[in-house]
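Working notes, beginning with the structure itself.
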Number of protein chains: 2
Amino acid sequence: MRSSEKPEVLLHLEEMLSPVRQLLKAHSLRRTAIREQVLNVFLQRKEAVSQSDLEQALGHPDRITLYRTLRTFEEKGLVHRAIDGTDKLKFALCSSGCSHHKHQDQHAHGHCEHCGRTICMEGVWLPELQSVDGFQVKSTFLIVQGVCSDCGKRIATKK
Amino acid sequence: MRSSEKPEVLLHLEEMLSPVRQLLKAHSLRRTAIREQVLNVFLQRKEAVSQSDLEQALGHPDRITLYRTLRTFEEKGLVHRAIDGTDKLKFALCSSGCSHHKHQDQHAHGHCEHCGRTICMEGVWLPELQSVDGFQVKSTFLIVQGVCSDCGKRIATKK
DNA sequence: CTTATTTTGCAACCACGTTTCATTTTATCA
DNA sequence: TGATAAAATGAAACGTGGTTGCAAAATAAG
Ligand SMILES: [Mn+2]
Ligand SMILES: [Mn+2]
Ligand SMILES: [Zn+2]
Ligand SMILES: [Zn+2]
């Protein structure tokens, strides 16, 4: 049976790609087990995740493969680095506008000094600088340090 | 000869402490070879320096001692971390107001994507946030990415 | 100079980042 | 549906940094 002869119903089923497969296809990435698992974690958790977070979440897959998966995702514009001032490198899902070498996530990152989680903050204004005494500004990153809303509530309850 | 009997001229000479010794004394730190060497590098270079920068500048001293020297300086308020978005931890000399566990360096850090140097930028306004949808803000860090004035001139000349 | 305290230097570990290469898997197309 | 080219994986191996414990050396104080 050639695909052009398939009944319409089946064609529609084939087009019902899961969100992760849509993402992979949209960025022309092959579909592999670890890529789907990693993307699932990114979609479930809303915070930025580190490689060790993923290792734990996925039951310790091969660490080199995971490493390369993250670099590939970064390069293809699926995730961006979430700088939070700690020594731990974290990544967060990109907004839909990002693609190969064209990241456009201009937002602050909030780092909770209590639980260590890092979140993307869309609603914070970033200073728009052009140059600072001779320094040509290309982009700015803002890290907001403090206590996240979850931890704030938890602390308030305990008192 | 007891010190109380020394002629005034000698007493004055003794009080002529070098800048590094003044710094050490002001933060009640013992005077050791590596501490003086490290402080000299900080005073000469105006940019933020990493441990590997110091290792090279000082002819590869014991790396654990250097490591502890930097932590001690940070704890006592002589240097602060200069977050620049790279994976390399850098430190910069504190302004005179800092002391044991009371850092007060509120300024942006500029990172040159060309030469990799990181400098403290005193003249940049930091957003003053109190809370962002439930997140209690304690402090903010601003990283300015771009091309430093030196590299800017160098590039302009080559053209 | 003596002594209490601090600092050093070494051994030893661990966490990560990164490359290389043979093997396996994926997508494509006849 | 296979065969095939291209891409991804997993193992090994190496490098860099961060970190602790402990005995020896150095410092500051009296
Ligand atoms: Mn983000
Ligand atoms: Mn600074
Ligand atoms: Zn929290
Ligand atoms: Zn530069």
Side-chain angles (χ1 to χ4, degrees), chain A residues 1-6 14 17 20-39 48-56 58-76 78-79 81 83-91 100 116, chain B residues 1-4 14 17 20-39 48-76 78-79 81-91 100 116:
Chain A
M1 184 193 277
R2 295 216 311 278
S3 78
S4 58
E5 294 172 13
K6 278 181 186 173
E14 278 180 352
L17 296 169
V20 292
R21 297 192 183 172
Q22 281 180 35
L23 271 174
L24 289 175
K25 195 165 216 172
H27 295 267
S28 51
L29 283 171
R30 292 192 177 189
R31 189 194 134 212
T32 71
I34 195 155
R35 287 178 180 171
E36 296 197 337
Q37 292 170 338
V38 169
L39 276 184
V49 293
S50 65
Q51 167 147 359
S52 54
D53 292 336
L54 287 164
E55 283 177 2
Q56 203 169 16
L58 302 183
H60 303 280
D62 184 72
R63 109 196 145 80
I64 292 95
T65 304
L66 182 53
Y67 167 80
R68 279 186 289 222
T69 299
L70 288 171
R71 309 297 142 149
T72 303
F73 281 2
E74 184 189 14
E75 189 179 305
K76 299 282 180 157
L78 276 88
V79 302
R81 288 172 189 231
I83 299 168
D84 67 357
T86 67
D87 49 0
K88 215 158 202 175
L89 180 53
K90 293 179 185 169
F91 296 90
H100 188 85
Chain B
M1 185 193 275
R2 296 214 310 278
S3 79
S4 59
E14 278 179 353
L17 295 169
V20 291
R21 297 194 182 172
Q22 281 180 33
L23 270 175
L24 289 175
K25 196 164 218 173
H27 295 267
S28 51
L29 283 171
R30 292 192 179 188
R31 189 194 134 210
T32 73
I34 195 156
R35 286 177 181 172
E36 296 197 337
Q37 291 170 338
V38 168
L39 276 185
V49 293
S50 65
Q51 167 145 1
S52 54
D53 291 336
L54 286 164
E55 283 177 2
Q56 202 170 15
L58 303 182
H60 302 280
D62 185 74
R63 111 196 145 82
I64 291 94
T65 304
L66 182 54
Y67 167 81
R68 279 186 288 223
T69 298
L70 288 170
R71 308 299 141 147
T72 303
F73 281 2
E74 184 188 15
E75 189 179 303
K76 300 280 179 155
L78 276 88
V79 302
R81 288 172 190 232
I83 300 168
D84 68 357
T86 67
D87 48 0
K88 215 158 201 175
L89 179 53
K90 293 180 185 169
F91 296 90
H100 188 84

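The basis for the numbers below is simple: all heavy atoms, side chains too, and nothing from hydrogens, waters or symmetry mates. Bear in mind that the values here come from a model prediction, so they are computed numbers and not experimental data. Residue numbers start from 1 in every chain, and the chains themselves are labelled A, B, ... in the order their sequence lines are given, proteins ahead of strands.
- The listed nucleotides are dG17(D), dA11(D), dC16(C); the one nearest the side chain of Arg63(A) is dC16(C).
- Checking dT19(D), dG17(C), dT20(C) against every side-chain atom of Ile64(B), the shortest atom distance belongs to dT19(D).
- Distances from the side chain of Tyr67(A) to the nucleotides dT19(C), dG17(D), dG10(D) place dT19(C) closest.
- Note: NZ (Lys90(A)) to P (dG17(C)) measures 13 Å, nearest angstrom.
- The heavy-atom pair separating Gly116(A) from Lys90(A) by the smallest distance is O-NZ, 2.8 Å.
- For the OP1/OP2 pair of dG17(D) and a distance below 4.0 Å, the side-chain nitrogens and oxygens of Gln51(B) include no atom meeting the criterion.
- Contact detail for Lys76(B) and His27(B): the closest heavy-atom pair is O-ND1, 3.0 Å.
- Atoms CG (Asp62(A)) and C1' (dA13(D)) sit 14 Å apart, rounded to a whole Å.
- Residues from residues 24-38 of chain A with heavy atoms under 4.0 angstrom of DNA chain C, sorted by number: Arg30(A), Arg31(A).
- Backbone-only engagement by Ser52(B) is indicated by non-hydrogen atom pairs under 4.0 Å involving sugar-phosphate atoms exclusively.
- Shown here for Pro61(A) and Ile34(A), the closest heavy-atom pair between the two residues is CB-CD1, 3.8 Å.
- Summarising the geometry, the separation between CZ on Arg81(A) and C1' on dC16(C) is reported as 13 Å, rounded to the nearest angstrom.
- Atoms CG (Leu54(B)) and P (dG18(D)) sit 11 Å apart, rounded to a whole Å.
- When all heavy atoms of Leu66(B) and Glu55(B) are compared, the pair lying nearest together is CD2-CG, 3.4 Å.
- Tyr67(A) approaches Gln51(A) most closely through the heavy-atom pair CA-OE1, 3.7 Å.
- For the pair His60(A) NE2 and dA15(C) P, the interatomic distance rounds to 11 Å; values are reported in whole Å.
- Between the base of dG10(D) and the side chain of Arg68(A) there is a donor-acceptor pair shorter than 3.5 Å.
- The base of dG17(C) is not paired with the side chain of Arg71(A) by any donor and acceptor separated by under 3.5 Å.
- Phe91(B) has its side chain out of reach of Leu78(B): every pair of non-hydrogen atoms, C-beta onward, lies at least 4.5 Å apart.
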Exercise. Can Thr65(A) and Thr32(A) be said to form a side chain to side chain contact (heavy atoms under 4.5 Å, CB included), step by step?
Worked result: CA-CA 11 Å; Thr65(A) 304; Thr32(A) 71; over 6 Å; no

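- Across the protein-nucleic acid pair, Leu66(A) atom CG and dA8(D) atom P stand 15 Å apart, rounded to whole Å.
- Going from atom CG of Asp53(A) over to atom P of dA15(C) covers 15 Å, rounded to whole Å.
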